Amino acid sequence: MEVFQVSSLLFVILKNRDMKTKDNGKKDSKIIDCKYIFVVGGVISGVGKGVTASSIARILSDRGRRVTAIKIDPYINIDAGTMNPTEHGEVFVLDDGDETDQDMGNYERFLNINLSRTNYMTTGRVYQSVIEKERNLEYEGKCVEVVPHIPLEVIRRIEKARDEANANVVIIEIGGTVGEYQNMLFLEAARMMRIKHQKSVFFVMVSYLPIPSKVGEMKTKPTQYAVRTLNASGIQPDIIIARSKVALDDKRKEKLSMFCNIPADHVISAPDMDSIYDIPVNFEKEGLGDMICDTVGMTCGVGDNEGSRKWKKFAQSTHIKNKEVKIAIIGKYFNTGDFTLSDSYLSVIEAIKYSAYSSGSKPILTWISSMDFEKDPKKLKELSKYDGIIVPGGFGSRGIEGILKAIEYARKNKIPYFGLCYGMQLLVIEYARNVLKLKDANTREVNPNAKDIVIDVMEDQKAKIENKKLGGSMRLGSYDAHLKKGTIANIAYKASIISERHRHRYEVNNDYRERLEKQGLVFSGVSPDGKLCEIAELPQDKHPFFLGTQFHPEFKARPLSPHPLFTAFIKACVKNKK
Ligand code: GLN
């Protein structure tokens with residue numbers, strides 16, 4: 001009874017807010033048209049909620065809906081930029097410079113769209129807005145409370161993202177699993193959304209069904225409990241995506257149907273797959289697309305369409321069995337186990353894959369800790385086994401000398417080398433040390449007392465570092481670069497102006513530019529004012545592929561449009577095949 005009363009009251013508040021906006025302008029048809037699909041997790045984390053949300057987004061977009069996606073992270077952190085990637089996964093940078101969760105990368109890749117900071121929220125971000133509004137007297141003298149003001153701010157942000165994208169489907173992934181204290185206010189926002197937008201709100205629970213080895217049978221009980229916990233938040237899932245090692249049988253579907261109050265055909269079997277790109281294809285096979293469209297009352301195109309066929313073709317290309325191309329990825333902390341690693345460099349890995357698949361090769365990635373080369377330089381020889389070498393982005397001094405040795409080896413032995421951000425800065429340091437004979441060359445980040453600071457702190461970063469204004473303050477997001485005619489970069493991009501995403505505080509010191517160029521290094525990409533070096537490379541008659549970018553090209557690689565620089569690198573690797 002009490003719940004009902006609170007709900008009715010909220011309904012009036014929310015509807016009144018709506019009326020206000022409607023009074024001020026014309027009737028907002030988007031509110032009526034749009035469907036909101038919340039994706040929540042049950043039982044355990046790490047079962048692919050992000051990929052599930054992305055896959056649902058993909059199939060609905062292929063069926064002709066205008067889809068946008070939102071990730072909600074329950075952290076207090078304002079953004080993911082201050083979190084350790086080996087613990088929390090990659091920091092994915094958007095065009096507008098927002099430092100977000102790796103799931104945002106999945107959305108962009110699956111949907112082939114660019115998202116903005118409106119599509120990402122954290123607990124910290126939501127509270128910060130509410131507190132700022134309170135300080136600006138925007139609550140008109142009211143007592144500002146956790147409920148309803150925090151959920152209302154969440155709803156405002158969801159609607160803003162909808163309007164920015166002019167979307168008629170918004171997918172909202174709530175981080176964490178149900179039952180956690182951290183995401184309770186977001187579930188409350190989702191519940192309130194349903195009061196406001198009625199039948200347009202839809203809940204998907206991604207759950208996990210374990211098969212205990214001694215029992216040998218797939219168990220539904222944890223999912224039943226998870227649904228009950230979700231029910232306690234006033235939410236009933238419309239669909240359960242049942243993740244498990246193998247496909248669900250009918251018995252399991254019926255059980256979940258019976259005890260979780262949903263029709264059996266709303267239980268979607270989602271067994272482990274070799275490639276995450278098969279998931280949208282499997283979802284359509286399981287009838288998910290039709291079922292969502294029917295349940296929320298959307299007019300959708302058919303499941304077999306131009307977009308889905310293109311996707312299917314790409315998904316099939318990921319199963320290539322032969323024509324291996326062996327890539328070594330060299331970095332500092334690669335001894336933490338594969339799981340963490342693949343998460344901290346997710347976009348790099350995916351970018352390599354897209355370019356490899358599109359050139360008909362199967363990428364084999366090996367993680368090499370640069371410290372190995374510091375301990376035992378003889379180990380460098382092992383690099384000759386690989387068709388190409390990548391040094392991804394990074395920070396700090398650990399393992400740097402080992403990486404420099406590896407870059408020198410790649411340059412001298414003509415192994416294709418691709419440096420991303422720090423990987424480009426280190427390429428320049430290696431060149432300065434070994435070609436310009438500036439033995440002490442370094443970056444200020446590693447040794448501020450070095451004689452030759454060839455990589456220096458950016459002018460506008462100095463005060464930020466001094467005042468410890470370090471959150472969200474790097475050079476972030478998309479900037480244009482102009483490419484030099486006839487260079488590897490220019491030929492790969494087939495363009496003279498490009499736009500790429502950045503995340504750094506240091507840059508090539510212009511005092512050394514002329515000397516480096518005189519000795520053969522080409523700055524093939526520079527900022528429009530010519531002041532910042534964005535790409536460094538060696539001409540192709542000197543080396544098959546020796547190139548580094550100050551930006552992170554991996555953030556713009558997409559399954560259906562592989563990144564031109566990664567593709568050029570892979571082609572060089574294939575040519576160099578051992
Ligand atoms: N540490 C370097 C800088 O801040 C490189 C950063 C990176 O690789 N993202 O400039």
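Counting starts at 1 for both ligands and their atoms, in listed order. Below, each value reflects all heavy atoms present in this structure, side chains not excepted, and no hydrogens, waters or symmetry copies. All values reported here derive from a predicted model rather than from experimental measurement.
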Inset, instruction - Could you tell me whether the side chains of T100 and R117 share a donor-acceptor contact shorter than 3.5 Å? - result: no

Legend entry - Test item: F566 and I390 side chains (from C-beta on) under 4.5 Å apart, heavy atoms: yes

Inset, instruction - Examine ligand 1 and decide if any of its atoms is less than 4.0 Å from a heavy atom belonging to E507. - result: no

Inset, instruction - Between M474 and ligand 1, find which residue part has any heavy-atom pair under 4.0 Å and reply side chain, backbone, both or neither. - result: neither

Legend entry - Any N or O of Y506 closer than 3.5 Å to N or O of ligand 1: yes

Inset, instruction - Identify, by atom number and element, the atoms of ligand 1 in contact range of G393, meaning under 4.0 Å from any of its heavy atoms. - result: 8 (O)

Legend entry - Pairwise side-chain contact, R558 with E350, heavy-atom cut-off 4.5 Å (strictly under): no

Inset, instruction - Determine the interplanar angle of the W367 and Y345 rings, folded into 0 to 90°, and report it as parallel if under 30°, tilted if 30 to 60°, perpendicular if over 60°. - result: tilted

Legend entry - Nearest-option assignment for atom 1 (N) of ligand 1, heavy atoms, candidates R505, E445, H502: E445

Inset, instruction - Would you please classify the geometry between the Y417 ring and the F546 ring as parallel, tilted or perpendicular, with 30° and 60° separating the classes? - result: tilted

Inset, instruction - Could you tell me the residue and atom name of the protein heavy atom closest to atom 7 (C) of ligand 1, and the distance to it rounded to 0.1 Å? - result: C421 SG, 3.0 Å

Legend entry - Candidate with minimal heavy-atom separation from atom 6 (C) of ligand 1, of G423, G394, G419, G396: G394

Legend entry - Nearest-neighbour protein heavy atom for atom 9 (N) of ligand 1, which is reported as residue plus atom name and distance: R503 O, 2.9 Å

Legend entry - Side-chain ion pair, R503 and E90, N-O less than 4.0 Å: no

